[in-house]
2 protein chains.
Amino acid sequence: MTDPRWLDDAEQRAWRGYVRMQSKLNAQLNRQLQTDSQLSLSDFAVLVHLSEVPDRSLRVSQLAQALHWEKSRVSHHVTRMERRGLVKRVECPTDGRSAFVVMTDCGQNAIDAAAPGHVDTVRRLFIDDLTADQLKALEAIAGQVLARLDDEECRT
Amino acid sequence: MTDPRWLDDAEQRAWRGYVRMQSKLNAQLNRQLQTDSQLSLSDFAVLVHLSEVPDRSLRVSQLAQALHWEKSRVSHHVTRMERRGLVKRVECPTDGRSAFVVMTDCGQNAIDAAAPGHVDTVRRLFIDDLTADQLKALEAIAGQVLARLDDEECRT
DNA sequence: CAGAGGTAGTTGACACATCACCTAAAACGA
DNA sequence: TCGTTTTAGGTGATGTGTCAACTACCTCTG
C-alpha cells in the first residue's frame with residue numbers, strides 16, 4: 001500500500017454526511033415499518049418481490065437474485081417469515097433440490113397494510129425534500145457507484 | 001391514511017438505485033475491512049473516534065453521542081471489542097455510574113493498519129468515481145435529509 | 001438527610017447478516 | 001452406467017443491532 005490519499009475536506013463532508021444519512025434513514029424506516037406494521041425492511045422487500053410475480057411464488061434462488069441477497073440469507077429469512085405465517089415453502093415436484101417460497105394471504109394482507117405507510121415515510125423523510133434535479137443527481141450517482149461495485153464483484 | 005401517493009418513475013429509479021447502492025456499498029466496505037484487517041465498520045468507527053481524542057478515552061455516553069448510536073449498542077459493541085483487546089473499560093473515579101472506554105495499543109495498531117486500505121476502498125468504490133459537483137450534490141442531499149430526520153426524531 | 005426522580009451503563013431476548021460447511025439431487029462425461 | 005462435478009438449498013456459529021427492563025449511583029428538594 002503506497003501512501004494513502006486521505007479524503008480532503010469536501011470529500012470528507014460528503015462521505016460522512018452520506019454515511020450518517022444512510023444509517024439514520026435505514027434505522028427510521030425500519031422503525032416505522034416495525035411499529036406500524038410489524039414488518040422489517042427485509043420482510044417488506046421479500047413480500048414486494050413475491051407480490052409482483054405470478055402465483056406469488058419464487059424459488060429461493062430467484063428470490064436471492066431479485067433481492068441481491070445471498071441464498072443463505074434468503075433461507076434464514078424465509079424460515080423466520082414462515083414461522084410468522086407470512087410465506088410458506090413448497091417443494092418443487094420436478095426438481096428435488098428446489099423449493100418455492102410462496103406468499104400466504106396473511107403475507108399479502110401484511111404488505112397491503114404496510115405499503116401506504118411505508119411509501120409515505122419514504123416520501124416524508126427523503127423524496128419530498130429533494131428537487132427533481134437532486135433526484136436525477138442521486139440516480140446518476142447510484143448508477144455509477146453500482147456499476148463500479150458490480151465490476152469489482154466480478155473481478156473477485 | 002388517505003390515498004397514498006406512490007412513487008413516480010423518476011422517484012422510483014432514484015430510490016431503488018439509492019437503496020441498492022447503499023446496501024451493496026456497505027457490504028463491500030465491511031467485507032474489505034474484515035478480510036484485510038479483521039475489523040468491522042463499527043469497530044473502525046469506534047476506533048476512529050477514540051483515536052481523535054485526548055487519552056484515547058471517552059465515556060460510553062460521549063461515544064454514543066459522537067457515533068449517533070444508542071448507548072446499549074455502544075455497550076454491547078465495547079464488550080465485544082474488549083474481548084478482542086481493542087479497547088478496555090476503566091471505571092470513573094469521580095462518578096460511580098460512569099465508565100471510560102479506552103483504546104489499547106492493540107486498538108491503535110489495528111486502526112493504523114486498517115485505515116489506509118479502508119480509505120483506498122472508499123475512494124475506489126465511491127469517491128473517485130464522482131465529480132466535484134456530484135460530491136457537492138450528495139453533501140447537500142445528506143444535509144437536507146439529515147435535517148429532516150433529526151427534526152422527525154425530536155418530534156417523537 | 002430521606003426519598004423521589006433522573007442519569008449512566010448493563011443485560012437478555014430476539015431479529016438480522018455472513019461465513020463456512022453440509023446434504024441431496026441433478027447433470028454430465030468417460 | 002458409474003463416478004465426478006455442479007447446483008439448490010439448509011444449518012450452525014458468530015457478530016451485529018434494537019428494545020425493554022434493570023441496577024446502581026447521583027442530585028435535588030423538602
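Note that the coordinates shown come from a computational prediction; the quantities given were computed from them, not determined experimentally. A, B, ... follow the sequence lines: proteins, then strands. Residue 1 opens every chain.
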Task: Crowding at CZ, A:R84 (>12 non-hydrogen neighbours, <6.0 Å) - done: yes
Tabulate atom names and distances for all N/O pairs under 3.5 angstrom spanning the protein and nucleotides 21-25 of chain C.
| unit_1 | atom_1 | unit_2 | atom_2 | d |
| --- | --- | --- | --- | --- |
| C:dA25 | O3' | A:G96 | N | 3.4 |

TODO: Measure from the side-chain N and O atoms of A:R123 to the backbone N and O of B:R5, and report whether any donor-acceptor pair falls under 3.5 Å.
DONE: yes
Residues passing the side-chain hydrogen bond (donor to acceptor under 3.5 Å, both in side chains) test with B:N109, sequence neighbours excluded, are none
Rounded to whole Å, the CD-C1' distance (A:Q34 to C:dA15) equals 9 Å
Separation of C:dA8 atom C1' from B:Q62 atom CD, nearest Å, is 12 Å
With a 4.0 Å cut-off (strictly under) to non-hydrogen atoms of chain B, the first and last hit nts on DNA chain D, 5' to 3', are D:dG15 to D:dC26
Between A:L47 and A:G107 the two heavy atoms that sit nearest each other are CD1-O, 3.9 Å
request  = Would you tell me whether A:H77 and A:R80 have side-chain atoms, one donor and one acceptor, within less than 3.5 Å of each other?
outcome  = yes
Separation of C:dA15 atom P from A:L41 atom CG, nearest Å, is 16 Å
Here the distance between atom C1' of C:dA8 and atom CG of B:L63, to the nearest Å, is 14 Å
Check: Parallel, tilted or perpendicular for A:H118 and A:F44, by the 30°/60° rule?
Finding: tilted
A:L33 CG to C:dA15 C1', in whole Å, measures 14 Å
Task: Salt-bridge contact B:K24-A:D150 (side-chain N to carboxylate O under 4.0 Å) - done: yes
Residues of residues 15-26 of chain B with a heavy atom under 4.0 Å from any atom of DNA chain C, listed by number, are none
Count the heavy atoms belonging to other residues, nucleotides or ligands that lie under 6.0 Å from CZ of B:R16, then report whether that count exceeds 12. no
### Query
What nucleic acid atoms does A:S42 come within less than 4.0 Å of, heavy atoms only: base, sugar-phosphate, or nothing?
sugar-phosphate
Do we see a donor-acceptor contact under 3.5 Å between the side chains of B:D43 and B:S40? yes
Side-chain donor-acceptor distances from residues 59-69 of chain B under 3.5 Å, at least two apart:
| unit_1 | atom_1 | unit_2 | atom_2 | d |
| --- | --- | --- | --- | --- |
| B:R59 | NH1 | B:S98 | OG | 3.4 |
| B:Q62 | OE1 | B:R59 | N | 2.9 |
| B:H68 | NE2 | A:R20 | NE | 3.4 |

Atom CD of B:Q28 and atom P of C:dC19 are separated, to the nearest Å, by 10 Å
Ordered by number, residues from residues 44-60 of chain B within less than 4.0 Å of DNA chain C (heavy atoms) are B:R59, B:V60
Whole-Å distance, A:L86 CG to C:dA15 C1', equals 14 Å
Closest to the 5' end of DNA chain C, once A:T94 and A:E70 are matched to their nearest nucleotides, is A:E70
Do the side chain of B:H76 and the base of C:dT10 come within less than 3.5 angstrom through a donor-acceptor pair of N or O atoms?
no
Assert: residue with more 5' nearest nucleotide on DNA chain C, out of A:H77 and A:S72, is A:H77
Original post:
Is any side-chain nitrogen or oxygen of A:R80 closer than 4.0 Å to OP1 or OP2 of C:dC16?
Top reply: yes
Report yes if at least one side-chain N or O of B:S98 is closer than 4.0 Å to OP1 or OP2 of C:dT7; otherwise report no.
-> no
Here the pair of heavy atoms bringing B:I111 nearest to B:S51 is CD1-OG, 4.4 Å
Does C:dC16 have OP1 or OP2 under 4.0 Å away from a side-chain N or O of A:S40?
yes
CD of A:E139 to CG of A:L146, rounded to nearest 0.5 Å, is 11.0 Å
query = Are there more than 12 heavy atoms of other residues, nucleotides or ligands under 6.0 Å from atom CD of A:E52?
reply = yes
* Strictly by modelled atom types, are B:N30 and B:Q34 linked by a side-chain donor-acceptor pair under 3.5 Å? -> no
Comparing nearest nucleotides in DNA chain D, the 5'-proximal residue of the pair A:F100, A:A27 is A:F100
Rounded to whole Å, CZ of A:R84 lies from P of C:dC14 at a distance of 14 Å
With sugar-phosphate meaning primed atoms plus P, OP1 and OP2, does A:S75 contact a base, only sugar-phosphate, or nothing at under 4.0 Å between heavy atoms?
base
*Applying the 4.5 Å side-chain criterion to the ILVMFWY set and letting contacts propagate, would B:V90 and B:M81 be lumped into a single cluster?*
no
Heavy-atom nearest nucleotide on DNA chain D taken for B:D43 and for A:R31; more 5' hit belongs to B:D43
